[in-house]
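Below you'll find the structure, written out as structure tokens, and then a few comments.
Chain letters run A, B, ... following the sequence lines, proteins first, then strands; residues in each count from 1.
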Protein chains: 2
Amino acid sequence: MVRSQQRRTPLHHPDVEEIDLLDVLHALADPTRMTIVQTLWAEPERACGTFPVDVAPSTLSHHFKVLRESGVIRQRGEANRRLNELRRDELQARFPGVLDAILAAAGPIEPGPVEPDPVKAG
Amino acid sequence: MVRSQQRRTPLHHPDVEEIDLLDVLHALADPTRMTIVQTLWAEPERACGTFPVDVAPSTLSHHFKVLRESGVIRQRGEANRRLNELRRDELQARFPGVLDAILAAAGPIEPGPVEPDPVKAG
DNA sequence: ACGGCTATTCGATGAATGTCGAACATCGCT
DNA sequence: AGCGATGTTCGACATTCATCGAATAGCCGT
């Protein structure tokens, strides 16, 4: 079966209609979280540990929680990993143009503290 | 002369190029400040005390400072009043579509705690 | 079953933030 | 000059928040 789809917490995601604009803005108004979103903007899916940010795992987990509970990203458990994806279409439906404009304004991933290329890393 | 154009503080406004996207998002991620911006979105200019928000004058002053220093609004001293205006064109030039999309998503002024129409209030 | 990897949870901590009241400053009017 | 209206500044206070380290939980190889 698909037992490897969930860890243990139900991982609450707000419904599209429940997504609050101010929560989204607050979620995006942080350097670490913006980097995460920018990365997901360029790539559809990514595991938690593969983002070009330089914070402790517990801090990273906190940021993912903020992004998830604000409705910006969707997380699903894949084995011992956790795959994150942007809720682009849903956000576009709820707040047309907002995410696009913000991400366009943010530009491509800024030269962060960690290499965003884990392919040949090691 | 135009002595009535300034109170005493130079009222620092960031240059267009200096405006930071995360600062703008953070400024907008507050109910009181969003209400202020929504109000200015509908009306070009307005004095500080005429906004449909229910906070102490000192708190209001704080919020205007946040909005001004983030580059969202421009304040100029007119007599003993202080006129506030949205930096629409400048923000549009710096972050195209961002303010428009956010304000469109925020919709018209939500029924706040204070009547925006004191004329027939009663 | 054991160990390693990935990610979460918990508790603590220091910084930032929203809020207020009181005092002050500036302006216009009398 | 004095007064009232409009905002700002300051100090205080409670809350939120970003951050970390240590402990925990789940999964996959061996």
Side-chain angles (χ1 to χ4, degrees), chain A residues 1-13 20 22-23 25-36 45-51 53-70 73-85 113-114 118 121-122, chain B residues 1-13 20 22-23 25-36 45-51 53-70 73-85 113-114 118:
Chain A
M1 321 301 200
V2 274
R3 314 214 293 292
S4 302
Q5 279 301 105
Q6 200 145 296
R7 276 159 162 279
R8 117 226 62 165
T9 328
L11 269 188
H12 175 253
H13 294 77
D20 183 73
L22 297 194
D23 288 344
L25 296 181
H26 171 253
L28 296 178
D30 175 272
T32 300
R33 292 194 290 263
M34 178 56 87
T35 299
I36 291 173
E45 258 184 352
R46 232 180 153 104
C48 292
T50 70
F51 288 82
V53 295
D54 189 22
V55 291
S58 55
T59 305
L60 198 54
S61 200
H62 160 69
H63 285 308
F64 279 114
K65 185 181 179 185
V66 172
L67 286 170
R68 169 167 42 83
E69 294 186 342
S70 68
I73 69 172
R74 185 176 297 279
Q75 291 188 297
R76 67 196 163 80
E78 188 260 89
N80 62 347
R81 302 248 175 116
R82 181 90 79 181
L83 287 187
N84 307 278
E85 65 176 334
V114 175
Chain B
M1 310 315 181
V2 273
R3 313 212 294 291
S4 302
Q5 279 301 105
Q6 198 146 297
R7 277 159 162 275
R8 115 225 63 163
T9 327
L11 269 188
H12 175 253
H13 294 77
D20 183 74
L22 297 194
D23 287 345
L25 296 180
H26 171 254
L28 297 178
D30 176 271
T32 301
R33 292 195 290 262
M34 178 56 88
T35 300
I36 292 173
E45 258 184 352
R46 229 178 155 106
C48 292
T50 69
F51 288 83
V53 295
D54 189 23
V55 291
S58 55
T59 303
L60 198 54
S61 199
H62 160 70
H63 285 308
F64 278 115
K65 186 181 178 185
V66 172
L67 286 170
R68 170 166 42 83
E69 294 185 342
S70 68
I73 69 172
R74 186 177 296 279
Q75 291 187 296
R76 64 195 165 81
E78 190 259 87
N80 62 348
R81 303 244 175 120
R82 180 91 78 182
L83 286 187
N84 307 277
E85 65 177 335
V114 173

Could you run down the sub-3.5 Å N/O contacts of the protein with nucleotides 11-14 of chain D?
none

Quiz item: Would you say a side-chain N or O of A:Arg82 is under 4.0 Å from OP1 or OP2 of C:dT8?
Solution: yes

Length of the line joining [X]:[atom1] and [N]:[atom2], which is rounded to integer Å:
X       : N      : atom1 : atom2 : answer
B:Leu67 : D:dG7  : CG    : P     : 15 Å
B:Ile36 : C:dG18 : CD1   : C1'   : 13 Å
A:Arg76 : D:dG26 : CZ    : P     : 20 Å
B:Glu69 : C:dG18 : CD    : P     : 13 Å
A:Phe64 : C:dT8  : CZ    : P     : 8 Å

Exercise. Between protein and nucleotides 15-20 of chain D, map the contacts as a letter string: B base, S sugar-phosphate only, - none, heavy atoms under 4.0 Å, written 5' to 3'.
Key: --SSBB

Just to verify, what does [X] make a side-chain hydrogen bond (donor to acceptor under 3.5 Å, both in side chains) with, not counting sequence neighbours?
X       : value
B:Ser58 : none
B:His63 : B:Arg33
B:His62 : none

Scan nucleotides 1-5 of chain D against the protein and return all N/O pairs shorter than 3.5 Å with their distances rounded to 0.1 Å.
none

Quiz item: Considering residues at least two apart in sequence or located in another chain, which fulfil the side-chain contact (heavy atoms from CB on, under 4.5 Å) criterion with A:Ser61?
Solution: none

Quiz item: How would you list, by chain and number, every residue that makes a salt bridge (Lys or Arg N to Asp or Glu O under 4.0 Å) with B:Glu45, sequence neighbours excluded?
Solution: B:Arg76

Quiz prompt | Contact check, side chains of B:Leu60 and B:Ile36, non-hydrogen atoms, under 4.5 Å | solution = yes

